[in-house]
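Here the structure comes first, spelled out in structure tokens, and everything after it is commentary.
Only this structure's heavy atoms are used, side chains among them; waters, hydrogens and symmetry mates stay out. Proteins get letters first, then strands, A, B, ... in listed order; numbering begins at 1 in each.
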Protein chains: 2
Amino acid sequence: MVSIKDIAKKAGVSISTVSYAINGNPKVTKETSTRILAVAKELNYVPNAAARSLKKQETKIIGVFLTDFNGAFYGELLQGIKEVLNKQGYDLIVCSGVQSHRLLPERTIDGAIVLDTSFSSEELLQYAERGHKLVVLDRELSHANVNQVLLDNKAGAALAMEYLIEEGHRKIYVVAGPEASFDSMQRLQAVRQVVNRHQPLAYTQILGDFNKSAGEEAAKQIIQEYTEPVAVFCLNDEMAIGLYNAVKKSEYKIGTHIHIIGFDNIELTQYTEPRLATIDYSKRKWGALASEQLLKLIDDKEIDHERIYVTLVKGNSVRTV
Amino acid sequence: MVSIKDIAKKAGVSISTVSYAINGNPKVTKETSTRILAVAKELNYVPNAAARSLKKQETKIIGVFLTDFNGAFYGELLQGIKEVLNKQGYDLIVCSGVQSHRLLPERTIDGAIVLDTSFSSEELLQYAERGHKLVVLDRELSHANVNQVLLDNKAGAALAMEYLIEEGHRKIYVVAGPEASFDSMQRLQAVRQVVNRHQPLAYTQILGDFNKSAGEEAAKQIIQEYTEPVAVFCLNDEMAIGLYNAVKKSEYKIGTHIHIIGFDNIELTQYTEPRLATIDYSKRKWGALASEQLLKLIDDKEIDHERIYVTLVKGNSVRTV
DNA sequence: TTGTATGCGTTATCAT
DNA sequence: ATGATAACGCATACAA
């Protein structure tokens with residue numbers, strides 16, 4: 001490995017002059033600087049990240065932690081994050097799995113954006129307490145080193161439920177996410193409020209886990225209990241797709257016997273026939289805002305929590321009853 | 001930050017003893033070791049990655065470089081990579097975009113798996129020449145520090161074409177990927193061989209870019225030229241989906257007037273109606289094999305290039321003519 | 001303007 | 001079995 005020491009030797013200067021030249025410090029003359037830079041290029045010099053990080057106590061790398069790599073909306077979210085980060089000279093790395101948690105306390109990254117159920121809130125608070133900067137996308141967490149950028153889950157769930165009710169539905173199923181999910185809990189809360197406001201209403205709650213299979217399981221129950229047209233609000237699109245597939249294979253028609261609405265507006269919803277109604281929000285904006293907040297946190301600026309607004313996407317998977 | 005120095009002070013030993021204890025070196029007695037470890041736990045000690053990397057010249061992190069974060073099959077691929085890597089004590093980080101290339105020469109990672117057109121082969125060879133270990137999934141590259149794990153593109157393309165021909169198709173379009181794509185070039189080569197073997201055949205090639213929009217563009221041309229049933233081999237599923245959507249909106253029926261086969265077997269193909277015929281391969285196995293090869297490379301073991309086998313997935317998007 | 005010297009937190013060699 | 005110390009590559013305060 002060629003280091004500034006090698007450059008110094010070859011250029012006939014001291015290592016500090018090399019360091020200054022490389023970092024564009026105006027203290028060094030134009031001539032020596034260009035000479036040094038030429039030698040550096042010639043030797044194919046690349047600074048050693050470990051050494052620099054050790055000295056500067058920063059890596060200029062931000063970690064994004066995801067529960068898995070399969071999430072249908074991760075692509076856009078990450079794109080939003082990357083755009084903001086790159087503009088500020090930071091790089092983005094995406095991590096998943098408990099083993100990768102170490103990157104945080106070991107200071108391989110300057111901060112983290114977390115959308116990852118494999119972190120307990122206690123663990124995150126520990127890191128915050130040690131001085132690490134975090135932005136959480138999937139929970140509420142109160143600490144000076146933590147900022148939240150959350151979806152407006154309650155508005156979204158209310159939007160979905162009110163849509164179903166407006167279309168005349170009075171028998172409604174809700175397929176929930178895992179009980180540990182903050183998003184699911186918030187959405188459920190809003191669902192219950194709407195239900196209470198619109199009595200009488202036949203309301204049934206089914207436990208799910210945000211995976212497609214949960215939607216398929218829900219379909220079994222719903223089909224078995226079927227007596228008249230029903231509406232189903234799946235708390236995410238993934239489960240809605242699972243439900244959708246299962247219903248497609250049955251004797252019942254979507255948008256006639258069984259009406260479905262999801263949450264997330266993942267790409268797949270555009271391809272279902274009939275189109276799946278859902279709740280939309282800008283994943284890119286979510287990522288961009290999260291990054292901005294994190295950078296402010298790292299800069300020790302004062303910030304408030306932010307919220308991402310949602311809208312209703314109508315689709316023929318829900319029709320007037 | 002608490003360092004081994006703090007532990008040493010509190011435990012009343014030297015920093016070297018602390019280092020030994022933490023790294024489980026048997027030279028230190030059970031008693032002192034447990035005492036030191038207790039103090040470490042008490043102080044919430046976490047080793048500093050930068051310092052360790054600087055000293056050991058390794059990070060135990062492998063980088064995976066992707067062209068973007070949207071790829072429909074990245075999830076499974078990464079899962080395959082992660083499983084192998086984690087088992088060997090390595091961590092995985094996913095990167096995208098030219099800015100992140102720096103992680104490689106700066107030695108933030110011990111090696112890289114590349115499926116990323118934003119790297120030129122010259123750039124990769126430079127890194128290899130500097131001693132960095134690479135596994136490439138999207139090109140051929142001959143260097144002692146580089147290993148290839150490539151899809152059997154030719155077999156896949158031949159499988160697709162022969163399927164169309166067996167079903168009686170004699171008028172065939174092929175929608176290619178970008179000209180710079182190794183995968184596309186290989187598939188095209190095989191296509192031409194099959195075409196030559198089965199003359200007479202009306203064969204038309206359309207330039208694409210592996211994105212959905214290219215499939216939509218191709219649809220325009222195909223529809224405009226329509227006189228009799230045709231078959232279209234899109235060199236990836238993404239374009240096949242674009243074509244599919246466009247045809248759906250037209251007066252022509254898929255599997256009747258326009259027959260379609262893709263390549264990759266992405267999840268979406270299961271949801272199209274009729275099901276999209278395609279070429280399948282195990283993305284997880286691809287990732288797993290790539291990681292194994294990379295670890296061997298890092299271990300300075302001798303290895304050969306590997307190939308991932310493919311199979312035909314029939315679907316009603318292609319019917320007998 | 002340039003050079004000298006110190007320290008960032010580890011690991012590892014050599015004494016003791 | 002434990003301790004003192006050098007070294008990894010770089011940035012920077014201070015000296016010249």
Side-chain angles (χ1 to χ4, degrees), chain A residues 1-37 39-40 43-61 89 102-110 130-132, chain B residues 1-37 39-40 43-61 89 102-103 105-110 130-131:
Chain A
M1 264 308 80
V2 28
S3 74
I4 54 172
K5 204 184 290 181
D6 303 305
I7 301 177
K9 195 178 297 174
K10 183 139 189 175
V13 295
S14 78
I15 60 163
S16 44
T17 308
V18 174
S19 180
Y20 288 139
I22 284 169
N23 291 303
N25 192 312
K27 293 200 283 186
V28 59
T29 18
K30 196 100 184 159
E31 295 88 59
T32 43
S33 176
T34 48
R35 186 162 49 91
I36 290 172
L37 260 27
V39 175
L43 295 182
N44 261 314
Y45 170 76
V46 175
N48 180 303
R52 168 174 292 178
S53 300
L54 182 57
K55 184 66 191 176
K56 301 202 59 165
Q57 303 286 34
E58 68 173 20
T59 62
K60 287 288 178 184
I61 298 176
R102 68 170 175 100
L103 301 181
L104 197 32
E106 289 181 358
R107 314 198 81 99
T108 299
I109 56 180
D110 290 347
R130 294 164 141 275
H132 301 288
Chain B
M1 263 312 75
V2 27
S3 73
I4 54 172
K5 204 183 287 182
D6 303 304
I7 300 176
K9 196 178 296 174
K10 184 140 189 175
V13 295
S14 77
I15 59 163
S16 33
T17 309
V18 174
S19 179
Y20 288 140
I22 285 168
N23 292 302
N25 191 313
K27 293 201 282 187
V28 59
T29 22
K30 195 103 185 156
E31 296 88 57
T32 42
S33 176
T34 49
R35 185 161 49 91
I36 290 172
L37 261 25
V39 175
L43 296 183
N44 262 314
Y45 170 76
V46 175
N48 179 302
R52 171 175 297 192
S53 300
L54 181 58
K55 186 65 190 176
K56 301 203 58 166
Q57 305 285 34
E58 68 173 21
T59 62
K60 288 286 176 186
I61 298 175
R102 69 171 177 98
L103 301 181
E106 289 181 359
R107 314 197 81 99
T108 300
I109 55 180
D110 289 348
R130 294 164 141 276

Could you tell me whether V18(A) contacts a base, only the sugar-phosphate backbone, or nothing, with contacts defined as non-hydrogen atoms closer than 4.0 Å?
nothing

What is the nucleic acid contact for S53(A), judged by heavy atoms within less than 4.0 Å: base, sugar-phosphate only, or nothing?
nothing

At under 4.0 Å, does any side-chain N or O of [X] touch on OP1 or OP2 of [N]?
| X | N | value |
| --- | --- | --- |
| T17(A) | dG3(C) | yes |
| R52(A) | dG9(D) | no |
| Q57(A) | dA11(D) | no |
| S16(B) | dA12(C) | no |
| S3(A) | dG9(D) | no |
| S19(B) | dT11(C) | yes |
| N23(A) | dA11(D) | yes |
| K5(B) | dC8(C) | yes |
| Y45(A) | dC10(D) | yes |

Is it the case that the base of dA1(D) and the side chain of T29(B) share a donor-acceptor contact (distance under 3.5 Å, atom types as modelled)?
no

Does K30(B) offer a backbone N or O that forms a donor-acceptor pair with the side chain of T34(B) under 3.5 Å?
yes

Between N23(A) and N25(A) (side chain of the first, backbone of the second, donor and acceptor by atom type, cut-off under 3.5 Å), is there such a pair?
no

Five-pair end axes of the helix from dT1(C)-dA16(D) to dT16(C)-dA1(D), angle between them (10°)
50°

Quickly work out the [X] [atom1] to [N] [atom2] distance and round it to whole Å.
| X | N | atom1 | atom2 | result |
| --- | --- | --- | --- | --- |
| Y20(B) | dG3(D) | OH | P | 11 Å |
| E31(A) | dT2(C) | CD | P | 8 Å |
| I15(A) | dG3(C) | CD1 | P | 11 Å |
| I4(A) | dC8(D) | CD1 | P | 12 Å |
| L54(B) | dT11(C) | CG | C1' | 10 Å |
| K9(A) | dG9(D) | NZ | C1' | 14 Å |

I need the minimum non-hydrogen distance between [X] and [Y], along with the two atoms involved.
| X | Y | result |
| --- | --- | --- |
| L104(A) | H132(A) | O-CE1, 3.4 Å |
| P47(B) | R52(B) | CB-NH2, 3.9 Å |
| A21(A) | V28(A) | CA-CG1, 4.0 Å |
| S14(B) | A8(B) | C-CB, 3.8 Å |

Got a second to check how far I109(A)'s CD1 is from T108(B)'s OG1, nearest 0.5 Å?
12.5 Å

